[in-house]
Amino acid sequence: MTTPPILQKGDTIAILATARKNLDDNLKPAIDLLHSWGLEVVIGNTIGLDENQLAGTDEQRAADFQKQLDNPNIKGIWCVKGGYGTVRMVDLLDFTKFKQSPKWIIGFSDVTVLHNHLNTLGYKSIHGIMPVTTARASKEAVESLKIALFGNQLSYQIAPDPMNRMGTATGELVGGNLSILYSLLGSQSAIDCTDKILFIEDLDEYLYHIDRMMINLKRNGCLESIKGIIVGSMSDMKDNDIPWGKNAVQIIEDVTKTYNIPVLYSFPAGHIRDNRALILGSKVTLNVAENSSSVVFE
């Protein structure tokens, strides 16, 4: 996997929208943060565009992303927010110049589309906080993004969880939002799970949807070929009038229990304040132990 150049003071980050519109004057915390790190900021043309739910048309969002993708002076693209819409413009993008001058693509949630697409092309990216979540993000989440961008070693020590399945595994970290992973299966942006460490998180889904998505990963052979699983937040789940009978974590355990792999639950990443950065595409060692677990990046 190709690692984009680590950031240096004076580098420029572009903030733009690939999905939901951002009409509010809410970017000052993110801009101030980047300035405090010695970075310059460019605001994309999609910030402020209004096309129903989206930040402009698919063509406008793709053109804005392409402009920053092709500009060698832009060292990172920080997606302003998620929602839905990235999958509508990803096939309009040309990564030819990106391959000549790679840069960090940063975000989570719907940005999982880009993370997975970049993974199929052989490039690392960063799953982490976004501009609209900066103000409410934990200090640890913010600091982890800085560590990832500036090339310091990223590692986490995680408190024990009663659902954890013990073991150690080393492999390339892939994944992101479970709903997006599920929606990309069968497309050219679908990840290859073979010998990988799979990270998943989700928000605001019906519990039976979580079950359906996990069963789909199983039937696609993904769960049989991975080396381990890291489960982030499963936030604000919904149930039907007739309960499904298991919560999201129990569903994941039920579907994966036949596989002899380590599984780490309650990892601080996803739709929560403490959304720690993950370098997707990087080799990690996952150690799930009784008293403490760790995720250490190469």
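What's counted below: heavy atoms across the whole structure, side chains too, no hydrogens, waters or symmetry copies.
Looking at Lys238 and Asp236, no side-chain N of the basic residue comes within less than 4.0 Å of a carboxylate O on the acidic one, giving no salt bridge.
For Asp25, the CG atom is loosely surrounded, since the number of other residues' heavy atoms within 6.0 Å does not exceed 12. Counting non-hydrogen atoms of neighbouring residues, nucleotides and ligands closer than 6.0 angstrom, the CD atom of Gln53 reaches no more than 12 such neighbours. The local environment of CD in Gln153 is crowded, with over 12 non-hydrogen atoms from other residues, nucleotides or ligands closer than 6.0 Å. More than 12 non-hydrogen atoms from other residues, nucleotides or ligands lie less than 6.0 angstrom from CZ of Arg165. The number of heavy atoms from other shown groups lying within 6.0 Å of CZ (Arg219) does not exceed 12.
The shortest non-hydrogen separation linking Val132 to Val80 is CG2-O, 3.2 Å. Between Asn52 and Asp50 the shortest heavy-atom distance is O-OD1, 3.3 Å. Between Ala55 and Arg20, the shortest heavy-atom distance links the atoms CB-O, 3.7 Å. For the residue pair Phe150 and Trp37, the shortest heavy atom distance occurs at CZ-O, 3.7 Å. Considering all non-hydrogen atoms of both residues, Leu207 and Asn247 come closest at CD2-C, 4.0 Å. Contact detail for Thr86 and Ala19: the closest heavy-atom pair is OG1-CB, 3.8 Å.
Counting heavy atoms from C-beta outward, Asp91 and Gln188 have side chains that approach closer than 4.5 Å.
Donor-acceptor pairing under 3.5 Å is recorded for the side chains of Asp64 and Thr46. Checking Asn275 against Glu201 by side-chain atom types alone, no donor-acceptor pair falls below 3.5 Å.
Under the rule for a salt bridge (charged side-chain N to carboxylate O under 4.0 Å, His left out), Asp70 has no partner lying at least two apart in sequence or in another chain.
Applying the side-chain hydrogen bond (donor to acceptor under 3.5 Å, both in side chains) test between Asn177 and each of Asn116, Asp202, Thr112 identifies Asp202 as the sole match.
Ring pair His271/Phe108 is perpendicular by interplanar angle, where above 60° counts as perpendicular and below 30° as parallel. Classified by interplanar angle (parallel below 30°, tilted 30° to 60°, perpendicular above 60°), the ring pair Phe95/His117 is tilted. The aromatic rings of Trp244 and Tyr208 sit tilted relative to each other, their planes meeting at an angle between 30° and 60°.
Under the 6.0 Å cut-off for aromatic ring centres, Tyr182 and His209 do not qualify, their centroids lying 6.0 Å or more apart.
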